[in-house]
Asker: 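Just passing along the structure, written as structure tokens.
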Amino acid sequence: MGHKYKGFEPNWYINKPPENSYRSIFKWGEWDEFKHPNEKLYELMKKTFNMTDNDFIEPKNLGLDDVKYDGEIKLTKENINKIKTIVGEDNVNEDVYTRLSVSYGKTMIDSIRMRHKKVENIPDIVIYPRDKKDIINIVRYCNDEKIPIYVFGGGSTVTRGMEAVKQGITLDMRKHLNKVIRFNEINQTITVQAGMQGPDLEEYLNKAPEKFNAKRRYTCGHFPQSFEYSSVGGWIVTRGAGQNSTYFGKIEDIVICQEYITPIGEIKTNEFPAQATGPDIDEIMMGSEGAFGILISATLKIFKYLPENHQKFSFIFKNWEDAKEAAREIMQGQFGYPSVFRLSDPEETDVAMKLYGVEDTIIDKILKFRGFNPMERCLMLGFTEGEKNFSKLVKKNIKKICKKYKAMYTTGYITSSWEKGRFRDPYLREDLGDFGIMIDTLECSVNWENMEKVHTGVRKFCHSRPNTICMTHISHFYPQGANLYFIFIAKMEEEEEYLEYQYGILDNIQKYGASMSHHHGIGKMTAPWLESYIGENQMALFKNLKNYFDPNNIMNPGGTLGLDLEKNLIRNNKK
């Protein structure tokens with residue numbers, strides 16, 4: 001069976017320029033919303049990877065040509081016909097492209113496989129459940145027949161989270177299970193189905209007066225970098241964090257209650273702001289990544305939408321140590337937190353100055369004159385929000401602390417540049433991949449005490465590969481620590497080469513004492529490291545929960561959370 005990958009363009013290639021030249025990739029002059037002055041970024045790529053203009057003329061390995069897939073389908077005709085009677089024939093899809101599109105996510109390994117026309121680990125069929133009753137009947141039938149079930153929400157996973165390693169079926173929640181169940185302005189909550197997409201949820205809340213006859217506008221406050229292509233269900237089952245989480249909290253701080261369908265029945269929690277009724281069932285289910293059951297709906301906190309109180313700021317510090325200390329003091333100052341809060345290390349700051357059009361401007365010249373030297377200086381940016389006086393007070397105190405550490409205030413200009421591309425800049429990686437340049441990320445959580453050990457150690461490994469860029473920033477902050485986010489760029493095209501490099505970074509994250517994930521989740525990619533990170537007794541607890549909820553192992557099987565790792569499955573645990 002032949003198929004083209006071209007349909008992936010809405011997810012992978014955002015407004016892709018028509019010209020096959022470096023001008024389309026780095027100048028972006030013909031892109032609708034992008035006017036970044038990226039000549040300098042282009043020059044950096046050429047210098048780092050020993051490339052010339054000629055290397056950027058003809059893209060390669062686009063993965064857009066016909067691909068043959070003749071994989072065996074494990075479901076019987078009887079199985080498929082029975083499922084069609086449950087959900088309706090129109091809600092079952094057997095097309096190869098559709099099956100592929102709900103199994104591959106947004107990690108680099110997905111992109112590499114697509115470019116090399118490698119199709120694997122896809123479900124036998126895709127189902128669009130219409131309601132809770134459909135899901136109950138599907139789970140009951142699949143449990144009896146021992147048919148694996150995977151769930152697709154938005155497809156933004158970077159951990160191979162919904163890859164159908166054991167085939168079976170994938171439930172695509174987007175088509176039908178995407179509705180608002182209840183809006184409650186008194187409690188400031190909204191209950192939505194798990195397939196609700198991020199932009200749709202935010203539109204409902206921003207337009208609450210028009211949609212729900214509400215007295216004012218609201219926001220969810222959850223804006224992951226994958227916001228445009230992620231679902232509420234995906235946020236919850238991976239314990240995700242949005243870029244504004246320093247103020248609003250991670251998704252587990254926003255969830256009030258949830259409803260799941262599991263092979264042993266329904267799990268539904270109560271809508272109260274807090275309880276003391278034993279261990280928290282919500283906490284057990286959040287982060288379970290579909291391994292315990294299927295999330296049907298959730299009730300979320302909502303917040304007043306006050307964009308008029310948005311206070312932008314940016315500062316440049318002379319060195320990384322001063323910048324870190326200032327950030328720690330801000331978070332421990334007890335005067336409130338900024339919403340978006342980002343701190344880039346010297347290498348990332350150098351790239352940011354190019355990306356945001358600051359390098360060689362009057363601002364850059366003033367910085368250099370005052371001793372803020374390239375590859376030493378560090379960029380801090382963000383904004384505050386909330387009630388008007390609160391927002392102003394937080395910004396005032398941030399300025400005061402940064403001034404103490406002799407940082408230079410660079411206004412909200414840089415923050416505005418960052419905001420314009422906050423959800424789309426990451427997709428530059430697909431265009432870089434057209435010319436054999438790999439860019440990917442891994443992130444972890446650290447406390448203030450061990451931050452420098454992790455930052456230095458992981459970056460040392462990243463740079464052990466010649467001609468490699470390793471940008472690092474802190475993107476989510478707490479009084480006790482923060483999230484470290486590593487972005488590595490290298491000339492690399494082969495799957496095995498990439499995987500070995502990725503494994504080495506994960507090894508070093510664990511070696512230097514960081515968490516294995518802060519907000520991406522574990523999936524099947526990071527699973528081999530989980531047990532040695534959390535400990536044998538804790539892993540045994542997870543496995544016992546899995547056995548209780550899903551005794552036949554039909555829910556997202558194949559290595560998710562390390563619950564059923566097999567030899568050579570994704571990666572054999574060498575610990």
Side-chain angles (χ1 to χ4, degrees), residues 12-31 33-64 108 111-112 115-116 344-361 363-365 367-368 373-379 414 417-418 420-421 424-441 459-473 486-495 497-498 501-502 505:
W12 289 93
Y13 296 95
I14 309 302
N15 295 331
K16 191 168 179 65
E19 295 181 17
N20 293 332
S21 72
Y22 81 90
R23 292 184 180 277
S24 301
I25 306 305
F26 290 98
K27 283 192 174 180
W28 291 347
E30 296 184 13
W31 262 0
E33 298 181 27
F34 294 92
K35 302 297 181 183
H36 296 305
N38 274 303
E39 253 334 291
K40 294 183 181 299
L41 191 59
Y42 172 62
E43 292 301 325
L44 176 65
M45 295 296 107
K46 289 197 297 182
K47 179 180 178 182
T48 302
F49 305 120
N50 299 316
M51 299 173 75
T52 68
D53 289 345
N54 291 333
D55 294 313
F56 289 95
I57 292 175
E58 189 64 38
K60 53 186 175 180
N61 289 335
L62 294 180
L64 299 178
M108 196 68 200
S111 178
I112 291 174
R115 289 179 185 281
H116 289 84
S344 297
D345 73 355
E347 189 165 1
E348 180 167 288
T349 297
D350 189 64
V351 175
M353 291 297 195
K354 296 175 173 62
L355 185 63
Y356 303 144
V358 178
E359 190 172 87
D360 291 337
T361 65
I363 294 176
D364 189 26
K365 291 175 182 178
L367 285 168
K368 291 175 181 176
N373 300 317
M375 293 305 290
E376 295 176 6
R377 58 195 181 188
C378 293
L379 169 65
I414 296 176
S417 296
W418 172 82
K420 288 176 183 177
R424 293 195 175 186
D425 281 352
Y427 298 99
L428 174 61
R429 77 172 197 172
E430 302 310 325
D431 298 285
L432 288 170
D434 290 349
F435 303 96
I437 299 173
M438 178 278 297
I439 177 170
D440 209 359
T441 64
R459 283 175 51 78
K460 181 179 179 181
F461 174 81
C462 290
H463 281 136
S464 67
R465 178 184 175 86
N467 304 324
T468 297
I469 295 170
C470 178
M471 304 183 294
T472 313
H473 65 260
F486 299 96
I487 304 172
F488 37 96
I489 309 175
K491 190 80 166 60
M492 191 185 302
E493 299 178 66
E494 299 303 319
E495 180 178 347
E497 183 182 21
Y498 165 75
Y501 187 60
Q502 182 193 70
I505 296 172

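What you see is a predicted model, and the numbers here were worked out from it, not measured in a lab. Side chains are part of it too, since the values below use all heavy atoms of this structure and drop only hydrogens, waters and symmetry mates.
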Asker: Checking Asn467 now: which residues fulfil side chain to side chain donor-acceptor pair (under 3.5 Å) with it, not counting sequence neighbours?
Answerer: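 Not a single residue meets the side chain to side chain donor-acceptor pair (under 3.5 Å) criterion with Asn467.
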Asker: Can you list the residues that meet the ring pair (Phe, Tyr, Trp, His ring centres under 6.0 Å) rule with Phe488, with sequence neighbours excluded?
Answerer: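 Phe488 satisfies ring pair (Phe, Tyr, Trp, His ring centres under 6.0 Å) with Tyr501 only.
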Asker: So, using side chain to side chain donor-acceptor pair (under 3.5 Å) as the criterion, who are the partners of Lys60 when residues are at least two apart?
Answerer: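 Lys60 satisfies side chain to side chain donor-acceptor pair (under 3.5 Å) with Glu493 once adjacent residues are dropped.
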Asker: Mark yes or no for whether Thr361, through its side chain, and Val358, through its backbone, hold a donor-acceptor pair below 3.5 Å.
Answerer: yes
Asker: Measuring only between side-chain heavy atoms, which start at C-beta, is Met438 closer than 4.5 Å to Ile489?
Answerer: no
Asker: With rounding to the nearest 0.5 angstrom, report the CG to CZ distance, Leu62 to Arg115.
Answerer: 6.5 Å
Asker: About how many Å separate CG of Asn54 and CD1 of Ile57, when rounded to the nearest 0.5 Å?
Answerer: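 Separation between the atoms: 4.5 Å.
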Asker: Identify the two heavy atoms, one from Ile437 and one from Lys491, that lie closest to each other, and give their separation to 0.1 Å.
Answerer: CG1-CD, 4.1 Å
Asker: What pairs with Ser344 under side chain to side chain donor-acceptor pair (under 3.5 Å), at least two apart in sequence or on another chain?
Answerer: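 Here the qualifying residues are Glu348.
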Asker: Run the ring pair (Phe, Tyr, Trp, His ring centres under 6.0 Å) test against Phe49 and tell me which residues pass, sequence neighbours left out.
Answerer: none
Asker: Taking only residues two or more places apart in sequence or in another chain, which ones pass salt bridge (charged side-chain N to carboxylate O under 4.0 Å, His left out) with Glu376?
Answerer: none
Asker: From Glu58 CD over to Phe435 CZ, what is the distance, rounded to the nearest 0.5 angstrom?
Answerer: 8.0 Å
Asker: About how many Å separate CE of Met51 and OH of Tyr42, when rounded to the nearest 0.5 Å?
Answerer: 8.0 Å
Asker: For Glu494, give me all partners under salt bridge (charged side-chain N to carboxylate O under 4.0 Å, His left out), at least two apart in sequence or on another chain.
Answerer: none
Asker: Over all heavy atoms of both residues, which pair between His463 and Thr468 is shortest? Give the atoms and the distance, please.
Answerer: CD2-O, 3.2 Å
Asker: Which pair of non-hydrogen atoms, one from Ile469 and one from Met45, has the smallest distance, and what is that distance?
Answerer: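 Where Ile469 meets Met45 most closely, the heavy atoms are CD1-CE, 3.8 Å.
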Asker: Of the non-hydrogen atoms in Met108 and Ile439, which two are nearest, and what is the gap between them?
Answerer: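 That closest heavy-atom pairing would be SD-O, 3.4 Å.
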Asker: Please enumerate all residues that pass salt bridge (charged side-chain N to carboxylate O under 4.0 Å, His left out) together with Glu347, with sequence neighbours excluded.
Answerer: Arg459
Asker: Under the side chain to side chain contact (heavy atoms under 4.5 Å, CB included) rule, collect the residues that match up with Ala352, sequence neighbours excluded.
Answerer: Tyr356, Leu379
Asker: Test Ile487 against every option in Thr472, Val351, Thr441 by the side-chain contact (heavy atoms from CB on, under 4.5 Å) rule and name the one that passes.
Answerer: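 Among the candidates, only Thr441 passes.
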Asker: Calculate, to the nearest 0.5 Å, the distance between atoms OG and NE2 belonging to Ser111 and His116 respectively.
Answerer: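 Answer for the OG-NE2 pair, Ser111 versus His116, is 10.0 Å.
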Asker: Do Asp360 and Met353 come close enough that some side-chain heavy atom pair is under 4.5 Å?
Answerer: no
Asker: Not counting sequence neighbours, which residues clear side chain to side chain contact (heavy atoms under 4.5 Å, CB included) with Ser464? List them please.
Answerer: Phe461
Asker: For Lys460, what residues pass the side chain to side chain contact (heavy atoms under 4.5 Å, CB included) criterion, not counting sequence neighbours?
Answerer: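 Residues passing side chain to side chain contact (heavy atoms under 4.5 Å, CB included) with Lys460: none at all.
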Asker: Please enumerate all residues that pass salt bridge (charged side-chain N to carboxylate O under 4.0 Å, His left out) together with Lys46, with sequence neighbours excluded.
Answerer: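 In terms of salt bridge (charged side-chain N to carboxylate O under 4.0 Å, His left out), with neighbours along the sequence ignored, Lys46 is linked to Glu43, Asp53.
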Asker: Supply the atom-to-atom distance Glu497 CD to Arg465 CZ, rounded to the nearest 0.5 angstrom.
Answerer: 4.5 Å
Asker: Decide, yes or no, whether a salt bridge links Asp350 with Arg377 under the criterion of side-chain N to carboxylate O below 4.0 Å.
Answerer: no
